[in-house]
J.: 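Structure provided below as structure tokens; questions to follow.
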Amino acid sequence: MSERTIPILPCRTIEPVLDFYTSIGFEVTFRQKSPNPYAVVRRGGIELQFFGRKQHEPAESFSTCYVLTDDVDGLHTAFRAGLAAAYGRVPTRGLPRIGPLKDMSYGIRQFLMTDPAGNCIRVGRPTSQDQHHRAAPEETFARALHHASLLADSKDDPAGAAKVVDRVLGLDDERPTPVQLLRLLVLRADVAARLGDERTATATLDRAAAVRLTEEERTSVRDDLERLDELRVRRRRRRSRGRVVGPA
């Protein structure tokens, strides 16, 4: 026997969703306007189906699905390139948006992508046969990283992640290692940017760029350093357009 599961996701209108998916390399394989709006898109072995519902509220959507792949890095790169070409930038907040690529504590390397209808597509590659959540570390800063990463990149709660990082970086009696500090600062800058708090993002990026690491330490935080570079490039572009703002 052969089985296949295909997610069927809601949207208010079909067209913006199809535009989004075709921009990242999907093909529309079916389109129906009546009696009910319906569409199917496919990219390689990934198939998604959508139905129109006038009452659907994208900002309040909890619809999600998971895509397992052997090439999560390749898809992340391809999707980002497609979105940059379509939108003139890589959208990281609001709708649509795409998140960073992260190694999660439950044995998955993944990223989250949310389409214009608010459907969250989780794309990942298993890095361990044990897919259970790891117990949070006991050490203060490792524990904070664990919880903040889950909030930012699994629960899509950047405000919650910001609170965790701010609390632990405000401690007077403990100090993180350089690697821990770099990772905490990059995560804090990332979620600040997602929240639209450019002033905090800018100050935090400057702190992160000033952290000194050995070559061995730099290798261990390759993803974080790539995210740092990406955020700094984005900041420079925003400055060149005169758009760096922050909360009053």
J.: For Thr204 and Ala201, indicate whether the former's side chain and the latter's backbone hold a donor-acceptor pair under 3.5 Å.
T.: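 The answer is no, because no donor-acceptor pair under 3.5 Å joins these two groups.
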J.: What verdict does the side-chain contact (heavy atoms from CB on, under 4.5 Å) test give for Leu182 and Leu228, after you've listed the backbone C-alpha separation in whole Å, the side-chain angles of each residue and the deciding distance to 0.1 Å?
T.: CA-CA 9 Å; Leu182 184 283; Leu228 172 61; 4.3 Å; yes
J.: Provide the closest heavy-atom pair for Ala117 versus Ser61 in the form atom of the first, atom of the second, distance.
T.: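 The pair with the smallest heavy-atom distance is O-CB, 3.9 Å.
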J.: Check each of Leu9, Leu112, Asp115, Asp156 against Cys120 using the side chain to side chain contact (heavy atoms under 4.5 Å, CB included) test, and report the only one that passes.
T.: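 Output: one option passes, namely Leu112.
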J.: Can you tell me how far apart CG (Leu231) and CZ (Arg236) are? Round to the nearest 0.5 Å.
T.: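 Answer rounded to 0.5 Å: 11.0 Å.
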J.: Pair Phe50, Tyr38 - check side-chain contact (heavy atoms from CB on, under 4.5 Å), show working.
T.: CA-CA 6 Å; Phe50 300 92; Tyr38 203 93; over 6 Å; no
J.: The test is side-chain contact (heavy atoms from CB on, under 4.5 Å); show your working for Leu171 and Asp173 and say whether it passes.
T.: CA-CA 6 Å; Leu171 295 176; Asp173 55 343; 4.1 Å; yes
J.: May I ask you to test the Pro7-Tyr66 pair for a side-chain heavy-atom distance under 4.5 Å?
T.: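 No. Closest side-chain heavy atoms not under 4.5 Å.
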J.: Under the side chain to side chain donor-acceptor pair (under 3.5 Å) test, which residues partner Asp224, sequence neighbours left out?
T.: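 Counting only residues at least two positions away or on another chain, Asp224 forms no side chain to side chain donor-acceptor pair (under 3.5 Å).
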J.: I need the Thr64 OG1 to Arg122 CZ distance, nearest 0.5 Å.
T.: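 Nearest 0.5 Å value for the OG1-CZ distance: 4.5 Å.
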J.: Between Glu57 and Arg12 (salt bridge meaning N to carboxylate O under 4.0 Å), is one present in this structure?
T.: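 Here Glu57 pairs with Arg12 in a salt bridge, since their nearest N and O are under 4.0 Å apart.
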J.: Exactly one of Arg227, Arg234, Arg93 should register a salt bridge (charged side-chain N to carboxylate O under 4.0 Å, His left out) with Asp190. Which one does?
T.: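 Exactly one pass, corresponding to Arg227.
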J.: For Asp166 and Arg188: C-alpha separation, side-chain torsions, deciding distance, then whether salt bridge (charged side-chain N to carboxylate O under 4.0 Å, His left out) applies.
T.: CA-CA 8 Å; Asp166 287 344; Arg188 183 63 179 92; 2.7 Å; yes
J.: Please find the pair of heavy atoms, one from Pro116 and one from Leu95, that lie closest to each other, and give the distance.
T.: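 Here Pro116 and Leu95 meet closest at O-CD1, 4.0 Å.
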J.: Quick one: does Asp197's side chain get under 4.5 Å of Arg199's, heavy atoms only?
T.: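 SC-SC contact between Asp197 and Arg199 confirmed.
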J.: Side-chain contact test, heavy atoms from C-beta onward, threshold under 4.5 Å: evaluate it for Thr13 versus Pro37 and give yes or no.
T.: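 They are not in side-chain contact.
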J.: Looking at every heavy atom in both Asn119 and Pro10, which two are closest together, and how far apart are they?
T.: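 Heavy-atom minimum between the residues: ND2-O, 3.0 Å.
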J.: Near Arg31 CZ, under 6.0 Å, is it more than 12 heavy atoms from other residues, nucleotides or ligands?
T.: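 Correct, the count exceeds 12.
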J.: Would you say the side chain of Leu75 lies within less than 4.5 Å of the side chain of Ile24, judging by non-hydrogen atoms?
T.: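 No, too far: nothing below the 4.5 Å cut-off.
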J.: Hey, is the main chain of Gly99 close enough, under 3.5 Å, to the side chain of His76 for a donor-acceptor pair?
T.: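 The answer is yes, because a donor-acceptor pair under 3.5 Å joins these two groups.
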J.: With a 4.5 Å cut-off on side-chain heavy atoms, are Leu184 and Leu145 touching?
T.: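 Leu145 vs Leu184: side chains touch.
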J.: Parallel, tilted or perpendicular for Phe26 and Tyr21, by the 30°/60° rule?
T.: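 Geometry flag for Tyr21 against Phe26: perpendicular rings.
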J.: How many angstroms lie between NZ in Lys102 and CZ in Arg109, if you round to the nearest 0.5 Å?
T.: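 These two atoms lie 10.5 Å from each other.
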J.: Evaluate the side-chain proximity of His147 to Ser105: yes if any heavy-atom separation is below 4.5 Å, no if none is.
T.: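 With C-beta onward as the side chain, the pair stays apart.
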J.: Indicate, with yes or no, if Val221 and Val165 share a hydrophobic cluster defined by side-chain heavy-atom contacts under 4.5 Å among Ile, Leu, Val, Met, Phe, Trp and Tyr.
T.: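 Linked, Val165 and Val221 end up in one cluster.
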J.: May I ask you to say whether Glu27 pairs ionically with Arg42, meaning some side-chain N is under 4.0 Å from a carboxylate O?
T.: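 Judged by the 4.0 Å cut-off on N to carboxylate O distance, Glu27 and Arg42 do not form a salt bridge.
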J.: Output yes when Arg212 and Glu217 qualify as a salt bridge under the 4.0 Å nitrogen-oxygen rule, no when they do not.
T.: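 No, no charged N to carboxylate O under 4.0 Å.
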J.: Could you measure the distance from the CG atom of Leu150 to the NZ atom of Lys155? Nearest 0.5 Å is fine.
T.: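 These two atoms lie 7.0 Å from each other.
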J.: Measuring from atom CD of Glu230 to atom CD of Glu226, what distance do you get when rounded to the nearest 0.5 angstrom?
T.: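 Reported value, rounded in 0.5 Å steps: 9.0 Å.
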J.: Are Leu18 and Phe51 in one and the same hydrophobic cluster, where Ile, Leu, Val, Met, Phe, Trp and Tyr link if side-chain heavy atoms are under 4.5 Å apart?
T.: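 No: no chain of side-chain contacts under 4.5 Å links Leu18 to Phe51.
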J.: Flag the pair Ile98 / Arg80 as yes when at least one side-chain heavy-atom distance between them is below 4.5 Å, and no otherwise.
T.: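 Side-chain contact under 4.5 Å: yes.
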J.: Does Glu174 CD have over 12 foreign heavy atoms under 6.0 Å away?
T.: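 Correct, the count exceeds 12.
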J.: With clusters defined by side-chain heavy atoms of hydrophobic residues (ILVMFWY) lying less than 4.5 Å apart, directly or transitively, does Ile8 cluster with Ile14?
T.: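 Not linked; separate clusters.
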J.: Is Arg97 reaching over with its side chain to a backbone N or O of Gly94, donor-acceptor style, under 3.5 angstrom?
T.: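 Between the backbone of Gly94 and the side chain of Arg97 there is a qualifying donor-acceptor contact (under 3.5 Å).
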J.: Give the intermediate values and the outcome of side-chain contact (heavy atoms from CB on, under 4.5 Å) for residues Gln110 and Val123.
T.: CA-CA 5 Å; Gln110 72 170 22; Val123 184; over 6 Å; no
J.: Considering all heavy atoms of both residues, which atom of Ala78 and which atom of Arg43 are nearest to each other, and what is their separation?
T.: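 For Ala78 and Arg43, the tightest heavy-atom pair comes out as CB-NH2, 3.7 Å.
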J.: With a 4.5 Å heavy-atom cut-off, do Phe20 and Leu83 have their side chains touching?
T.: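 Sidechains of Leu83 and Phe20: in contact.
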J.: Rounded to the nearest 0.5 Å, what's the gap from OG1 on Thr140 to CZ on Arg175? Could you check?
T.: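 Output value for this atom pair is 12.0 Å.
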J.: Would Arg4 and Glu47 count as a salt bridge (charged side-chain N to carboxylate O under 4.0 Å, His left out) here? Give the steps.
T.: CA-CA 10 Å; Arg4 187 165 60 134; Glu47 180 175 318; 3.3 Å; yes
J.: Check whether Gln32 reaches the backbone of Asn36 with its side chain - one donor and one acceptor, N or O, closer than 3.5 Å.
T.: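 Looks like yes, one N/O pair under 3.5 Å.
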J.: Closest approach of Cys11 and His56, non-hydrogen atoms and distance?
T.: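 In this case the closest contact between Cys11 and His56 is CA-CD2, 3.7 Å.
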J.: Distance-only, no hydrogens or angles: does the Arg143 side chain make a donor-acceptor pair with backbone N or O of Pro137 under 3.5 Å?
T.: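 Here the side-chain-to-backbone pair exists.
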J.: Determine, using the 4.5 Å side-chain heavy-atom cutoff (strictly less than), whether Leu101 and Val90 are members of one ILVMFWY cluster.
T.: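 In one cluster: yes.
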J.: Mind listing the closest non-hydrogen atom pair of Leu213 and Leu225 along with its distance?
T.: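 In this case the closest contact between Leu213 and Leu225 is CD1-CD2, 4.4 Å.
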